[in-house]
Amino acid sequence: MAELNERYQAQDIEERWQQRWEADKAFATQMNRQRPEYYVLEMFPYPSGNLHMGHVRNYSIGDVIARFRNMQGYNVLHPMGWDAFGMPAENAAIKHGIHPADWTWDNISNMRRQQKALGLSYDWDREIATCHEEYYRWTQWLFLLFYERGLAYKKKASVNWCDSCATVLANEQVIDGHCWRCDSEVRKKDLEQWFFRITDYADRLLADLDDLKGWPDRVKTMQENWIGRSEGLEFNFDVDGFDEKIPVYTTRQDTLCGVSYVVLAPEHPLVERLIAGTEQEAAVRAFVETVRSQSEIARTSTEVEKEGIFTGAYAVHPLTKALVPIWVANYVLYEYGTGAVMGVPAHDERDWLFAGKYGLPKKIVVSPVGETLELDAMTDAYTGAGVLVNSGQFDGLDDETAKKAIADWMEKEGRGTRRVNYRLRDWLISRQRYWGAPIPMIYCPQCGIVPVPKEQLPVKLPRNVRFDQSNVSPLATVDEFVNCTCPVCGAAARRETDTMDTFMCSSWYYMRYTDPRNTTVPFEESKVNYWMPVDQYIGGIEHAILHLLYSRFFTKVLKDAGLVNVSEPFKNLLTQGMVLKDGSKMSKSKGNVVSPEEIVSKYGADTARLFILFAAPPERDLEWSEQGVEGAYRFINRVWRIAAHYQPTLAEASAPLDRDALGEAEKTLRRVLHITIKRVTDDIGNRFNFNTAISAIMELVNAVYAYRDQQAAPNAPLMQETFSVLLRLLAPFVPHVAEELWSQLLVEGSVHKQSWPDFDAEAVKVSEVEIVVQINGKVREKLVVPAGLDAKKMEQLVLEDAKVQQLTAGATIAKVVCVPDKLVNVVVKKG
RNA sequence: GCGGGUAUGGUGGAAUCGGCAGACACAACAGACUUAAAAUCUGUCGGGAGUAAUCCCGUGCCAGUUCAAGUCUGGCUACCCGCACCA
């Protein structure tokens, strides 16, 4: 056994252990039915070039969980890979003339090196990259599976277009009218595109949120809002003088008799038919053009004044048969519901404003109980509950009953049906970009749209492509790629030149990890079902809707297809907070970036990990503090020094610990030791409060120092136990230091292969406890009493206490509340 | 507008089931060691009154429940996040 260096030198030990772990394949995992399985996963990164502190935080959290579960005896899967397709690679090609593939693979090597320098316990044999042929082959295979199941379809639609990225975007990728990646304004464009029928799964995506007990409420609520389910009634208005019907959707059919007009969205096809050849034709057409030329943001803002125009046509009210005017207005969305709504000014805020502006009649049909509404006295629509009035046969019903009654009546009359509507739209998955998985479809002049046969996959990305910023997909310019033969009839055909949204690649990667080298199927059933679902998923809140919703959708489809037997991919989700500097997110433009590499080379990976886990609980934002980093570094040094101090003692330890022969100082140290085991185990395993786990270990180290200061001759077996426990508790957080000290001070073998320490309930027991004595709820005294006293004895001891007697003299004791081993509260009344 | 979250010393944060508010750190100050500095070690460290023992106040604000409230209930305020003309 060599003597420990006086000083801790991270650089001396970290690389050595990293190489050792790699050579030993220390974290490689196989299926093993003898041990319970545990799948811990951090969201795989986009290979942008360098790790940032957010990555370090993400991986440190995952690594602590993985190492902890491993030591607890679980068979742990902890893989890493690369979300490697996407725009930045193409931008680099355009800007610097580097091929996206070269750029990406170079970045992957660099970031992998940085990850390894952090000492993360990944099973590197399972590494994947979505841009690898053997990965995107299966992404394409899954596209075909969706196509076969009727879940992939092509349609022309008004879609989101980002000029700067020169591609379309899914609704989920438009944030406040701006592109999620480059933040430039998104505009609408009519294009024929591939969609995934995620709306078919809307109800299940919503309902199954209830089963996700291990997800933050925040994320579930966001998905709930995004899916946006509403229950209502769809019914038709007849158009006076036309053989046409206007279907409308409403959730407030109780206000049916308050309808004083009907509104169509400007895009509604009926508009043209109603105005053709009329006086209004030119004016309405001009209005529609104006609205359609407005940007998405301008148009959908609630701030913008509602505008509309009368079409000249009238609809027939289904109940009263009255004629109501048909308008076109900017506030009606064509994509939602039926693209037409009934106008009820008295009971809808938007309709109130619109009717007010254009002088349309308002009619009260719902009256709050015990009150009479007067139109003249109203400043706003009444949208609350009430009883129906002015509604013929439905008068006197409360609004909820009326909803049912009117829906029943409509259904009986054959005029309408109850309908559930969702805000969620189908997922637009085609992208007019090069660096993605090609959509495996062929357009044949004879056969139409033909899928590429699965055995011909992958449809490979050609390497030689010109990159310029034109608005066509770069693949469309490569003749050898585009020109092909129809797999059905052999005729000359054209390939689809769009690639898939990168979110498709990341919607199933967690399943590929379970069987990453399979060349015949995406993953083998036995393997995927052994590991799935992911027990603990860790990542940023920015994916609350995007990646997490898509992955849930994929899992459900794959379950329906019999590929996997779970319907939810991620059992528990931890959304980590951001890493801030000077109060804002680290970013190049703000110049407040701290590079992980610098920190690792200055202090070591252990310090970086320890600081980032100690500074805040994982869900909260974390303020970077150079002084905090120094503090973490100091703590590691403190552990190192006390270990060096006791190295000779540990070398002598041979006899087992005699628990009955411990002195007071030893008992105290051992009690702290075992309380720490309990706290750290609970903090890591149940609460994910790594900051308090670390502070508990710090207290333990402080207790070891205190023991050293008062005890000239240390108890060698106790020190053996103390360091054995301390290093195992430290192992998940600071794996290199723990490993180094373990190898120098204790038995052969890796600390990471040791079992997690059990706590000894006997050691934690105390003979005396300090209890708090309150008088009328205020702390007045502290007494040391024997542990485990019952309430009666506690009360007796407290009432006998001189100070208590003095303080309660002359007062009547009304009540005494006793909490065993903790507190006694004496309630007194004056007098 | 709807939904969700957050608010505790100079700072990050702790208090897990309603039971001593401020654990553990950071910073600051004082001291020890040193020729000196660094490193390390020790002490003080929410506010106020008092020589002191001790007492009063204090977890965004206002009420309430309770023997007891940072924690529970009701009502606000500020900030952050999501959705938003969704009929």
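Basis for what follows: all heavy atoms, side chains included, without hydrogens, waters or symmetry-related copies.
The residue A/Lys778 sits close only to the backbone: its heavy atoms come under 4.0 Å of sugar-phosphate atoms, none of a base. Nucleic acid contact for A/Val332: base, since at least one base atom lies under 4.0 Å from a heavy atom of the residue. Within 4.0 Å of A/Gly631, counting heavy atoms only, lie sugar-phosphate atoms of the nucleic acid but no base atom. Here A/Asp351 lies out of heavy-atom contact (under 4.0 Å) with every strand. A/Ser625 comes within 4.0 angstrom of nothing in the nucleic acid, heavy atoms only.
Comparing B/rG10 with B/rG60, their P atoms sit 13 Å apart, to the nearest whole Å. Comparing B/rC17 with B/rU66, their C1' atoms are spaced 16 Å from each other, to the whole Å. Going from the C1' atom of B/rC61 to that of B/rU6 covers 16 Å, rounded to whole Å. Annotation: B/rG70 and B/rA63 have their P atoms spaced 15 Å apart (nearest Å).
Contact of A/Lys822 with B/rC20 (side chain to base): no donor-acceptor pair of N or O atoms is detected under 3.5 Å. Side-chain atoms of A/Arg350 and base atoms of B/rA87 include a donor and an acceptor less than 3.5 Å apart.
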Report each atom pair, protein N/O against N/O of nucleotides 12-14 of chain B, whose distance is under 3.5 angstrom.
| from | atom 1 | to | atom 2 | distance (Å) |
| --- | --- | --- | --- | --- |
| B/rG12 | O2' | A/Ala615 | O | 2.5 |
| B/rG13 | O3' | A/Asn691 | ND2 | 3.3 |
| B/rA14 | OP1 | A/Asn691 | ND2 | 3.1 |
| B/rA14 | OP2 | A/Arg620 | NH2 | 3.0 |

List, with names and distances, any nitrogen or oxygen atoms from the protein found under 3.5 Å away from nitrogen or oxygen atoms belonging to nucleotides 66-68 of chain B.
| from | atom 1 | to | atom 2 | distance (Å) |
| --- | --- | --- | --- | --- |
| B/rC67 | OP1 | A/Lys815 | NZ | 3.3 |
| B/rC67 | O2' | A/Asn825 | ND2 | 3.1 |
| B/rC67 | O2 | A/Asn825 | ND2 | 2.5 |

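Pairing of B/rG31, defined by two Watson-Crick or G-U wobble distances under 3.5 Å, is identified with B/rC41. Of all nucleotides present, none satisfies the Watson-Crick or G-U wobble test against B/rA14 with each distance under 3.5 Å. Pairing for B/rC55 is with B/rG48, a Watson-Crick or G-U wobble pair whose two hydrogen-bonding atom distances lie under 3.5 Å. Searching all strands for a Watson-Crick or G-U wobble partner of B/rG82 with both distances below 3.5 Å returns B/rC2. Using N1 to N3 plus N6-O4 or O6-N4 for Watson-Crick, or N1-O2 and O6-N3 for G-U wobble, each under 3.5 Å, B/rA7 pairs with B/rU77. Nucleotide B/rG64 forms a Watson-Crick or G-U wobble pair with B/rC72, both donor-acceptor distances falling under 3.5 Å.
Of all the residues in residues 578-586 of chain A, not one reaches under 4.0 Å from RNA chain B with any non-hydrogen atom.
Between the side chains of A/Thr199 and A/Asp426, at least one donor N or O lies within less than 3.5 Å of an accepting N or O.
B/rG4 takes the anti form, because its glycosidic angle lies more than 90° either side of 0. Applying the 90° criterion around 0 to the glycosidic angle, B/rC17 comes out syn.
Partner A/Phe611 forms a ring pair (Phe, Tyr, Trp, His ring centres under 6.0 Å) with one of A/Phe690, A/Phe635, A/Trp624 and no other, that one being A/Trp624.
Classified by interplanar angle (parallel below 30°, tilted 30° to 60°, perpendicular above 60°), the ring pair A/Tyr334/A/His268 is perpendicular. Between A/His317 and A/Phe237, the two ring planes are perpendicular [angle over 60°; tilted spans 30° to 60°].
No donor-acceptor pair closer than 3.5 Å links the side chain of A/Lys220 to the backbone N or O of A/Asp210.
Residue A/Arg218 places no side-chain N or O under 4.0 Å from the OP1 or OP2 atom of B/rG3. Residue A/Asn225 has no polar side-chain atom (N or O) positioned under 4.0 Å from OP1 or OP2 of B/rC86. An OP1 or OP2 oxygen of B/rA27 is reached within less than 4.0 angstrom by a side-chain nitrogen or oxygen of A/Arg634. Of the side-chain N and O atoms in A/Arg780, none sit less than 4.0 angstrom from OP1 or OP2 of B/rC20.
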